[in-house]
S.K.: 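Below are the structure tokens for one structure; questions will follow.
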Amino acid sequence: MIQVEHLSKKYGDLEVLKDVSVHIKKGEIISVIGPSGTGKSTFLRCLNLLETPSGGKIVIDGESLLDKGTDVPRIRRKMGMVFQSFNLYSHLTVLDNLTIGPVTLLKKKQAEADRKAMELLKMVGLAEKAYNFPDELSGGQQQRIAIARCLAMDPGILLFDEPTSALDPTMVSEVLAVIRRLARDGMTMIIVTHEMEFARNISTRVFYMDEGVIYEEGTPEQIFDHPRREKTRAFIQRVRSLQYAINSPLYDLYRLQGEIVLFCEKHVISPKISNRLQIIAEETLQLQSDFTDILLQLSYSEKEDSLLMQCTAAGTPVNPLEQEDNEIRVTMLKALCESVEYSYNEGKNLLLLRVRR
Ligand code: ADP
Ligand code: MG
């Protein structure tokens with residue numbers, strides 16, 4: 001359905017996309033993940049010609065997009081794009097937002113467009129908002145409307161560019177639920193996302209992009225559980241762990257605790273263990289003497305069902321486990337952990353705590 005050959009995009013001297021080639025079949029759900037600034041948005045924007053590629057070939061349903069004489073607006077309408085910012089028309093009602101495209105571009109009758117729009121609003125759970133204006137709705141509701149508006153144009157392919165990253169965390173799931181529903185209905189989709197659990201569950205294939213190329217691709221299991229290449233592995237490791245940097249003894253303990261709670265919820269770790277982690281984090285930080293550059297890292301391995309807390313502190317070598325003042329804290333930490341180890345390496349004091357489950 002989509003064939004991309006040697007696609008490239010330059011902005012002046014900056015080569016943002018370098019030689020991207022992919023084939024995507026009808027009904028596939030592709031998640032595109034990777035660090036920011038690596039060309040994920042540019043890739044989507046080139047696919048539907050919001051940007052003009054510098055080189056390469058894009059073929060959609062057998063039609064080449066970049067050939068002279070191709071009816072670009074018509075082919076572009078086969079692809080709906082959902083942006084991070086919802087881009088609804090603020091002066092139009094929700095219903096009119098959904099019908100303006102079909103009526104003006106597809107020359108549909110108003111009544112027919114209205115009927116289809118109401119059907120789509122029901123599908124995204126927002127039929128009762130048909131006569132509201134976009135700014136009367138929450139971010140999650142506006143994004144669901146934006147998805148419905150795309151669907152009103154009957155696209156064969158939907159492109160999503162970080163559809164949930166402008167949303168309040170409480171509204172992410174309602175938008176993801178709508179995308180899941182579309183996946184069940186067999187829609188072909190390419191989704192740039194930071195929601196890794198979602199990407200893992202929904203995708204038929206995952207593209208890991210780095211520095212303008214698709215650096216590694218595979219099934220969700222391959223990419224998330226067995227990445228083959230160095231950078232993919234580092235990225236997956238990074239997004240699966242919680243990292244908290246501290247540079248003052250007056251650090252914000254409540255914020256740290258909040259992040260631990262979120263991390264645990266995301267990985268379905270029980271409240272009991274979540275509490276334990278919060279205590280371990282606080283006590284570990286109490287052991288420290290030099291706060292100029294501390295990094296607290298928490299990682300969870302689903303496969304081994306193990307939780308690891310690492311505290312790296314820059315400075316001269318000090319083993320906090322051997323300080324007399326710390327005796328009670330250390331005893332407590334040892335009771336909460338399977339092991340507590342100290343090491344010093346390249347100017348950093350490292351405490352490694354294997355958390356008891
Ligand atoms: P991602 O979506 O992966 O974060 P983007 O595709 O948005 O990355 O951007 C990739 C690179 O291209 C970035 O370095 C960005 O600064 C640059 N870039 C994007 N759009 C433009 C533009 N219109 N002009 C110049 N540089 C751009
Ligand atoms: Mg982007």
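Each ligand, and each atom within it, is numbered from 1 in the order the structure gives.
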S.K.: For atom 23 (N) of ligand 1, find the nearest protein heavy atom and state the residue, atom name and distance (0.1 Å precision).
M.R.: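 Protein heavy atom at minimum distance: Tyr11 CE2, 3.4 Å.
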S.K.: Take atom 3 (O) of ligand 1 and look for protein heavy atoms under 4.0 Å from it; say yes if you find one, no if not.
M.R.: yes
S.K.: Distance under 4.0 Å to a non-hydrogen atom of Ser41: what atoms of ligand 1 satisfy this?
M.R.: 1 (P), 2 (O), 6 (O), 7 (O)
S.K.: In terms of relative ring orientation, are Phe263 and His267 parallel, tilted or perpendicular, with 30° and 60° separating the classes?
M.R.: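 Plane angle between 30° and 60°, so tilted.
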S.K.: Is there a continuous path of hydrophobic side-chain contacts, each under 4.5 Å between heavy atoms, that joins Phe43 to Leu65?
M.R.: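 Yes, same cluster.
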S.K.: Which pairs count as salt bridge (charged side-chain N to carboxylate O under 4.0 Å, His left out) when at least one residue sits in residues 135-148, sequence neighbours excluded?
M.R.: Arg144-Glu174
S.K.: Going only through I, L, V, M, F, W and Y residues with side-chain contacts under 4.5 Å, is there a path from Val59 to Val4?
M.R.: no
S.K.: Using a 4.0 Å cut-off to any heavy atom of Ser36, which atoms of ligand 1 qualify?
M.R.: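 With Ser36 as reference, the close atoms of ligand 1 come out as 4 (O).
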S.K.: Checking a contact table here: which protein heavy atom is nearest atom 5 (P) of ligand 1, and how many Å away?
M.R.: Thr42 OG1, 3.6 Å
S.K.: In the hydrophobic clustering that connects Ile, Leu, Val, Met, Phe, Trp and Tyr at side-chain heavy-atom distances below 4.5 Å, which members other than Ile223 occupy its cluster, ordered by chain and number?
M.R.: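 Ile223 clusters with Ile33, Met196, Val206, Tyr208, Val213, Tyr215, Phe224, Phe235, Ile236, Val239.
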S.K.: Can you tell me if Ser203 uses its side chain to pair, donor with acceptor, with the backbone of Arg200 under 3.5 Å?
M.R.: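 Judged by distance alone, no pair lies under 3.5 Å.
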S.K.: Determine if the distance from atom 19 (C) of ligand 1 to the closest protein heavy atom is below 4.0 Å.
M.R.: yes
S.K.: Among Leu44, Val32, Val16, Leu17, whose heavy atom sits nearest atom 10 (C) of ligand 1?
M.R.: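 The residue whose heavy atom sits nearest atom 10 (C) of ligand 1 is Val16.
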S.K.: What pairs meet the side-chain hydrogen bond (donor to acceptor under 3.5 Å, both in side chains) rule with one or both residues in residues 326-340, with sequence neighbours excluded?
M.R.: Glu283-Arg329
S.K.: So with a 6.0 Å cut-off around CZ of Arg356, is the heavy-atom count from everything else above 12?
M.R.: yes
S.K.: Please report which non-hydrogen protein atom sits nearest to atom 15 (C) of ligand 1, along with the residue it belongs to and the distance in Å to one decimal place.
M.R.: Leu14 CD2, 4.8 Å
S.K.: Tell me, please, whether Tyr131 has Lys129 positioned over its six-membered ring: NZ or CZ under 6.0 Å from the ring centre and within 45 degrees of its axis?
M.R.: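 That pair does not qualify as a cation-pi contact.
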S.K.: Does Glu51 reach ligand 1 with a nitrogen or oxygen that is under 3.5 Å from one of the ligand's nitrogen or oxygen atoms?
M.R.: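 Not met; the criterion fails.
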S.K.: Which residue in the set Ile75, Asp67, Leu47 passes side chain to side chain contact (heavy atoms under 4.5 Å, CB included) when paired with Ile58?
M.R.: Leu47
S.K.: Going by chain and residue number, what protein N/O/S atoms come nearer than 2.8 Å to the Mg ion (ligand 2)?
M.R.: Ser41 OG
S.K.: Please state which protein non-hydrogen atom is closest to atom 8 (O) of ligand 1 and give its distance, to 0.1 Å?
M.R.: Gly39 N, 3.2 Å
S.K.: How close does the nearest protein non-hydrogen atom get to atom 13 (C) of ligand 1, and which residue and atom is it?
M.R.: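 For atom 13 (C) of ligand 1, the nearest protein heavy atom comes out as Gly37 O, 4.0 Å.
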S.K.: Where the side chain of Lys25 meets the backbone of Met1, is there a donor-acceptor pair that is under 3.5 Å apart?
M.R.: no
S.K.: Near Thr38, which atoms of ligand 1 are under 4.0 Å from a heavy atom of that residue?
M.R.: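 Checking each atom against Thr38, I get 1 (P), 3 (O), 8 (O).
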S.K.: I'd like to know if Asp161 and Lys40 make a salt bridge, using a cut-off of under 4.0 Å between side-chain N and carboxylate O.
M.R.: no
